[in-house]
Amino acid sequence: MLYSRSFKHCLIGFLFLFSTASNAGLITNIATETVSYSILSQNPWGNFTWTASYDIGFVDQDLLIDVDVFLTDDDPGSALRDIWEEGIESIWSNAFDLSDGTYFYDTVFNVDWLSTNAGADHTVYVTEGDGNVNLTHWYTGSPSGYSYNRQGVIAAHEFGHMIGLFDEYSGGALNPEELIRNNSIMGRNLSLPRTDHFDAFLEWAQINSGVASLALVADSGVDNYFVPEPSSLVILLLSICMALSIKTKSRRNGIEVRSPTLFA
């Protein structure tokens with residue numbers, strides 16, 4: 001199909017406008033920083049203290065939370081390390097995304113096992129056999145009275161403490177409001193993360209990106225940002241281009257019809 005010069009110029013201008021405008025406001029990269037602070041839980045079952053520590057940044061349209069863990073004492077073996085890693089990353093990374101109403105950004109949680117404590121956010125002492133797990137002491141057998149096949153979700157719960165979260169079950173390290181919520185990864189049922197577990201990460205993203213409209217949404221299952229369907233403005237611009245093409249073609253046809261009389 002042949003197009004008029006006016007239509008081609010209009011289309012080129014439209015494509016340039018859309019290509020630049022479509023990514024306007026897209027959050028790209030924000031320098032990674034280390035977050036570390038002490039936590040105190042005071043409740044009827046005693047006082048609990050620990051340190052939350054992780055790296056956070058925006059990398060390739062992903063909000064990345066990275067935790068480096070030094071495993072020491074007994075060797076859990078590669079199979080169990082993989083179970084712990086899969087449990088942590090799948091449960092936390094597949095919970096919520098961020099959105100500003102136009103774009104969606106993945107929240108990605110990553111854990112790395114270090115062979116030395118140099119640069120580690122946390123140190124975990126590993127013991128063979130069964131035992132009661134906490135943030136700094138993990139067992140290779142049945143953890144905290146649960147079956148072995150719950151190793152991954154138990155690791156995800158302890159990871160929650162590493163990134164600053166309290167327990168949500170009676171007898172645990174509760175927050176100052178003594179919140180008890182069984183239906184939670186931090187509760188007795190060890191289910192899924194809740195939106196308020198992401199409050200610190202959301203606030204960090206809002207402040208450092210300058211996009212106050214960022215909000216948590218259910219995980220979309222898509223690993224990249226989303227550009228919306230063409231808006232009414234886009235459709236209007238295309239219509240104008242088409243109208244210019246038709247008008248130009250009509251003028252040419254008119255000149256061709258009248259040309260014999262003009263130069264008779």
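- Side chain to side chain, Ser191 and Asn183 meet the donor-acceptor criterion of an N or O pair below 3.5 Å.
- Between Ile27 and Val211 there is a side-chain heavy-atom pair separated by less than 4.5 Å.
- Note: Ile207 CD1 to Ile30 CD1 = 11.0 Å, rounded to the nearest 0.5 Å.
- For the pair His122 (side chain) and Phe70 (backbone), a donor-acceptor distance under 3.5 Å is absent.
- Of the N and O atoms on the side chains of Glu128 and Thr140, not one donor lies less than 3.5 Å from an acceptor on the other residue.
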Practice item. Please step through ring pair (Phe, Tyr, Trp, His ring centres under 6.0 Å) for the pair Trp50 and Tyr37, ending with a clear verdict. Key: CA-CA 9 Å; Trp50 70 97; Tyr37 57 93; 9.4 Å; no

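- Cluster annotation: Trp204 and Tyr105 are assigned to the same hydrophobic cluster (Ile/Leu/Val/Met/Phe/Trp/Tyr, side-chain heavy-atom contacts under 4.5 Å, transitive).
- Note: the hydrophobic cluster containing Leu174 does not contain Leu135 (ILVMFWY, side chain heavy atoms under 4.5 Å, direct or indirect links).
- By the criterion of side-chain heavy atoms lying less than 4.5 angstrom apart, applied directly or through intervening Ile, Leu, Val, Met, Phe, Trp or Tyr residues, Trp113 is grouped together with Val124 in one hydrophobic cluster.
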Practice item. Under the salt bridge (charged side-chain N to carboxylate O under 4.0 Å, His left out) rule, what do Asp196 and Arg181 come out as? Steps first, then yes or no, please. Key: CA-CA 12 Å; Asp196 54 284; Arg181 181 169 53 185; 2.9 Å; yes

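- The distance from the CG atom of Leu64 to the CG atom of Asn29 is 11.0 Å, given to the nearest 0.5 Å.
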Exercise for review: Give the intermediate values and the outcome of side chain to side chain contact (heavy atoms under 4.5 Å, CB included) for residues Tyr54 and Asp66.
Suggested key: CA-CA 6 Å; Tyr54 55 88; Asp66 183 82; over 6 Å; no

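- In this structure, Asn43 contributes its side chain and Glu178 its backbone to no donor-acceptor pair below 3.5 Å.
- No side-chain donor-acceptor contact under 3.5 Å links Asn189 and Asn182.
- A donor-acceptor distance shorter than 3.5 angstrom exists from the side chain of Ser184 to the backbone of Met186, with no hydrogens or angles considered.
- Side chain of His161 to main chain of Glu158: no donor-acceptor pair is present (N/O by atom type, distance under 3.5 Å, no hydrogens or angles).
- Interatomic distance, Asp121 CG to Ser36 OG, rounded to the nearest 0.5 Å: 7.5 Å.
- You'll find the side chain of Ser41 stays beyond 4.5 Å of the side chain of Asn175, heavy atoms only.
- Here the CG atom belonging to Asn110 is positioned 15.0 Å from the CH2 atom belonging to Trp92, to the nearest 0.5 angstrom.
- Side-chain N or O atoms of His157 include one that pairs as donor or acceptor with a backbone N or O of Ile185 at under 3.5 Å.
- Judged by distance alone, the side chains of Ser213 and Asp100 never bring a donor and an acceptor atom under 3.5 Å apart.
- Phe198 is connected to Ile39 through a chain of hydrophobic side-chain contacts under 4.5 Å among Ile, Leu, Val, Met, Phe, Trp and Tyr, so both are in one cluster.
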Exercise for review: Under the salt bridge (charged side-chain N to carboxylate O under 4.0 Å, His left out) rule, what do Asp75 and Arg81 come out as? Steps first, then yes or no, please.
Suggested key: CA-CA 9 Å; Asp75 182 6; Arg81 280 195 300 269; 2.9 Å; yes

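- You'll find the side chain of Phe104 reaches within 4.5 Å of the side chain of Val217, heavy atoms only.
- Summarising the geometry, atom OG1 belonging to Thr28 is positioned 12.0 Å from atom CG belonging to Asp62; distances are rounded to the nearest 0.5 Å.
- Aromatic rings from Phe96 and Phe201 are positioned such that their centres are separated by 6.0 Å or more.
- Within the 4.5 Å cutoff, no side-chain heavy atoms of Ile65 are placed close to those of Asp55.
- Summarising the local packing, OH of Tyr148 is surrounded by more than 12 heavy atoms from other residues, nucleotides or ligands at distances under 6.0 Å.
- No continuous path of ILVMFWY side-chain contacts below 4.5 Å connects Val108 to Val67, so the two sit in separate hydrophobic clusters.
- The backbone N or O of Leu63 sits nowhere less than 3.5 Å from a side-chain atom of Thr107 that would complete a donor-acceptor pair.
- Under 3.5 Å, the side chains of Asn47 and Thr49 contain no donor-acceptor pair of N or O atoms.
- Looking only at side-chain heavy atoms (C-beta outward), Leu114 and Val69 stay at 4.5 Å or farther from each other.
- Checking side-chain atoms of Glu86 against main-chain N and O of Gly152 turns up no donor-acceptor pair under 3.5 Å.
- In this structure, Asp73 contributes its side chain and Val126 its backbone to no donor-acceptor pair below 3.5 Å.
- Counting only distance, with no hydrogens or angles, the side chain of Gln206 and the backbone of Leu214 share a donor-acceptor pair below 3.5 Å.
- Tested against Gln151, the residues Tyr139, Tyr146, Trp84 include a single side chain to side chain donor-acceptor pair (under 3.5 Å) partner, Trp84.
- Asp130 places a side-chain N or O within donor-acceptor distance of the main-chain N or O of Ser142, the cut-off being under 3.5 Å.
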**Study point:** side chain to side chain contact (heavy atoms under 4.5 Å, CB included) between Val111 and Glu89, intermediate numbers included
**Key:** CA-CA 7 Å; Val111 60; Glu89 294 178 355; 3.7 Å; yes

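- In this structure, Ser53 and Val35 have side chains that are not in contact, with every pair of non-hydrogen atoms separated by 4.5 Å or more.
- No more than 12 heavy atoms of other residues, nucleotides or ligands shown are found within 6.0 angstrom of CD on Glu203.
- For the atom pair Asp68 CG and Thr116 OG1, the distance stands at 11.5 Å (nearest 0.5 Å).
- For Thr136 and Asn134, the side-chain atoms include at least one donor-acceptor pair closer than 3.5 Å.
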